[in-house]
Q: 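Here's a structure for you.
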Amino acid sequence: MSQNHVSGMETSAVSVLKRAVELDQSGRLQESLVCYQEGIQLLIDVLKVVKDETKKGHYRDKIKRYMDRAEQIKNHVSQLKEDGKYHEQIKVAEDATGYSYEALFKPYISSALTEVWVEDPYIRHTHQLYNFLRFCEMLLKASCEVKTVHLLTSQDEADSKQQTGALAEVRESLGSHGVTLDLQFSSTIHDREIRFDNGWIIKIGRGLDYFKRPKGRFSVGYCDYDLRPCQETTVDIFHTKHTKTL
């Protein structure tokens, strides 16, 4: 392996672990745990190819320190979940970037996830329907085996034909990937909530529609939601023992 490749791995590890520490210090424990685990694995990969014994000792010390902290966080989060007291809050600032669905939901997706409930009154207009489709695509690509997605939304009285037609197409497409879309409408729904059957509940103030409109079809952020500026909103994460039972 070339020295440049090793240096690249080192740089990646430092970047991920720096993010882990920042999340840790801001109390975003589940997110920080994911970053610690990714960063530790990168350091282990570097350790396997480094020849210098002094550097090897340096990396072993770093790996041990980060593993100890990750284990502390894991135990703390497990205890909070067991006691039904887990609550984490993320404040998304106006024009902030880096909050794609992959980035936001990844820490709460596990191999145990098979069923998802989405309650959002505003899956009506074209961009909102695309948001829901992108959310479903994120689930398909994630390290889980989702079999059913339940969507509870309100009906678009102005153009119900476009809404029902688009959702029927989403249902058919998901079905070809082995996922069932259970669709229900409610005229009284107001709250926005996403629930996973592995215990996590994510409440986003604006629901899935927290991205700003892109400046143009060929502007940065049109395709990649990590680069799309957001509207200010708050994300609250709970565990089911702290909320209603699924």
Side-chain angles (χ1 to χ4, degrees), residues 92 94-97 99-106 108-109 113-142 144-197 200-237 243-244 246:
V92 179
E94 186 77 6
D95 290 321
T97 56
Y99 289 97
S100 67
Y101 298 143
E102 287 85 356
L104 185 61
F105 291 102
K106 181 181 177 181
Y108 313 101
I109 291 176
L113 179 60
T114 61
E115 198 165 3
V116 176
W117 288 258
V118 179
E119 295 182 9
D120 191 326
Y122 298 107
I123 309 294
R124 303 179 187 173
H125 304 307
T126 300
H127 75 281
Q128 296 166 341
L129 291 160
Y130 275 123
N131 285 341
F132 178 67
L133 177 59
R134 282 180 179 268
F135 175 78
C136 292
E137 289 174 338
M138 179 273 299
L139 292 173
L140 288 174
K141 293 192 298 180
C144 59
E145 295 293 335
V146 170
K147 297 300 182 186
T148 308
V149 176
H150 303 269
L151 173 62
L152 178 64
T153 189
S154 60
Q155 199 149 26
D156 186 355
E157 296 178 0
D159 191 0
S160 61
K161 185 176 180 180
Q162 175 191 260
Q163 182 191 30
T164 54
L167 289 173
E169 191 173 336
V170 173
R171 173 188 280 157
E172 182 180 353
S173 182
L174 286 175
S176 69
H177 286 81
V179 178
T180 299
L181 174 60
D182 170 41
L183 174 61
Q184 297 184 45
F185 293 103
S186 169
S187 59
T188 58
I189 182 176
H190 178 269
D191 293 342
R192 300 159 177 85
E193 178 175 288
I194 293 172
R195 305 196 306 274
F196 293 161
D197 70 347
W200 292 109
I201 297 179
I202 298 96
K203 296 187 177 186
I204 309 173
R206 293 179 178 272
L208 291 173
D209 192 12
Y210 58 86
F211 297 103
K212 287 192 169 183
R213 179 179 296 196
K215 293 180 179 179
R217 288 185 300 164
F218 299 98
S219 60
V220 171
Y222 186 86
C223 298
D224 189 337
Y225 275 28
D226 266 321
L227 300 173
R228 178 84 67 90
C230 297
Q231 301 185 75
E232 182 178 349
T233 193
T234 300
V235 183
D236 286 286
I237 299 104
T243 56
K244 64 185 180 183
L246 287 173

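All values reported here derive from a predicted model rather than from experimental measurement.
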Q: Is the side chain of S160 donor-acceptor paired with the backbone N or O of E157 at a distance under 3.5 Å, no angle test?
A: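 No; zero donor-acceptor contacts below 3.5 Å.
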Q: What closest approach, in Å, do D226 and T97 show between heavy atoms, and which atom pair accounts for it?
A: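 Looks like O-CB, 3.5 Å.
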Q: Restricting to non-hydrogen atoms, name the atom on V92 and the atom on A96 that form the minimum distance, rounded to 0.1 Å.
A: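 For V92 versus A96, the nearest heavy atoms are CG1-CB, 4.2 Å.
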Q: Which heavy atom in R228 sits nearest to a heavy atom in P214, and how many Å separate them?
A: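 In this case the closest contact between R228 and P214 is NH1-CD, 3.5 Å.
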Q: How many angstroms lie between atom CG of L208 and atom CG of L133, to the nearest 0.5 angstrom?
A: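 Answer rounded to 0.5 Å: 11.5 Å.
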Q: Can you confirm whether Y225 sits close enough to N131 that some side-chain heavy atom of one is under 4.5 Å from a side-chain heavy atom of the other?
A: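 They are in contact (side-chain heavy atoms under 4.5 Å apart), so the answer is yes.
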Q: Could I get the full list of ring-ring contact (aromatic ring centres under 6.0 Å, His included) partners for F135, not counting sequence neighbours?
A: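 F105.
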Q: Measure from the side-chain N and O atoms of R124 to the backbone N and O of D156, and report whether any donor-acceptor pair falls under 3.5 Å.
A: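 No; judged by distance alone, with no hydrogens or angles, the pair does not exist.
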Q: Please determine whether the number of non-hydrogen atoms from other residues, nucleotides or ligands lying under 6.0 Å from atom NZ of K215 exceeds 12.
A: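 Counting neighbours around NZ of K215, 12 or fewer heavy atoms of other residues, nucleotides or ligands fall under 6.0 Å, so no.
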Q: Can you find a pair of side-chain heavy atoms, one from C136 and one from V179, that are under 4.5 Å apart?
A: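 Side-chain contact under 4.5 Å: no.
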Q: Backbone N or O of R206 within a donor-acceptor pair of the T233 side chain at under 3.5 Å?
A: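 Yes; at least one donor-acceptor contact below 3.5 Å.
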Q: Within the structure provided, determine whether I123 and L129 are in side-chain contact (heavy-atom separation under 4.5 Å).
A: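 Touching, per the 4.5 Å side-chain cut-off.
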Q: Got a second to check how far E137's CD is from Y130's OH, nearest 0.5 Å?
A: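 The CD atom of E137 sits 10.5 Å away from the OH atom of Y130.
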Q: Does anything in residues 146-174 pair up under ring-ring contact (aromatic ring centres under 6.0 Å, His included), and if so which pairs, sequence neighbours excluded?
A: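 Residue pairs with at least one partner in residues 146-174: W117-H150.
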Q: Assess whether atom CD of E169 is packed by more than 12 heavy atoms of other residues, nucleotides or ligands within 6.0 Å.
A: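 It does not: E169 CD has 12 such atoms or fewer within range.
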Q: State, to 0.1 Å, how close Y99 and C230 come at their nearest heavy-atom pair, and which atoms those are.
A: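 That would be CB-SG, 3.9 Å.
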Q: Would you check if the side chain of D209 reaches a backbone N or O of Q128 as a donor-acceptor pair within less than 3.5 Å?
A: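 Absent.
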Q: Can a donor-acceptor pair be found, under 3.5 Å and without considering hydrogens, that links the side chain of S154 to the backbone of P121?
A: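 Yes.
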Q: Should the heavy atoms of other residues, nucleotides or ligands under 6.0 Å from CD of E94 be counted, would the total exceed 12?
A: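 Count over threshold, so yes.
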Q: Give the C-alpha distance, both sets of side-chain angles, the deciding distance and a yes or no for side-chain contact (heavy atoms from CB on, under 4.5 Å) between V116 and D197.
A: CA-CA 6 Å; V116 176; D197 70 347; over 6 Å; no
Q: Once rounded to the nearest 0.5 Å, what's the spacing between atom NZ of K203 and atom CD1 of I194?
A: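 Taking NZ in K203 and CD1 in I194, the distance rounds to 12.0 Å.
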Q: Nearest 0.5 angstrom please: L183 CG to T164 OG1, how far?
A: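 Result: 9.0 Å between the selected atoms.
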Q: Please check: side-chain N/O of T153 versus main-chain N/O of D120, any donor-acceptor pairing under 3.5 Å?
A: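 Such a contact is found between T153 side chain and D120 backbone.
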Q: Show your reasoning for whether ring pair (Phe, Tyr, Trp, His ring centres under 6.0 Å) applies to F211 and Y101.
A: CA-CA 10 Å; F211 297 103; Y101 298 143; 5.4 Å; yes
Q: Other residues, nucleotides and ligands only: do more than 12 of their heavy atoms fall within 6.0 Å of CD on E145?
A: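 It does not: E145 CD has 12 such atoms or fewer within range.
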Q: Distance check, rounded to the nearest 0.5 Å: F196 atom CZ versus T114 atom OG1?
A: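 The CZ atom of F196 sits 11.5 Å away from the OG1 atom of T114.
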Q: Atom CD in Q184, atom CG in L152: separation rounded to 0.5 Å?
A: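 Result: 6.0 Å between the selected atoms.
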Q: Does CZ in F185 sit with more than 12 non-hydrogen atoms of other residues, nucleotides or ligands closer than 6.0 Å?
A: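 Buried by this count: over 12 neighbours within 6.0 Å.
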Q: Looking at E119, is its backbone amide N or carbonyl O close enough to the side chain of R192 to form a donor-acceptor pair, meaning the two atoms are under 3.5 Å apart?
A: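 Side chain of R192 to backbone of E119: no pair is present.
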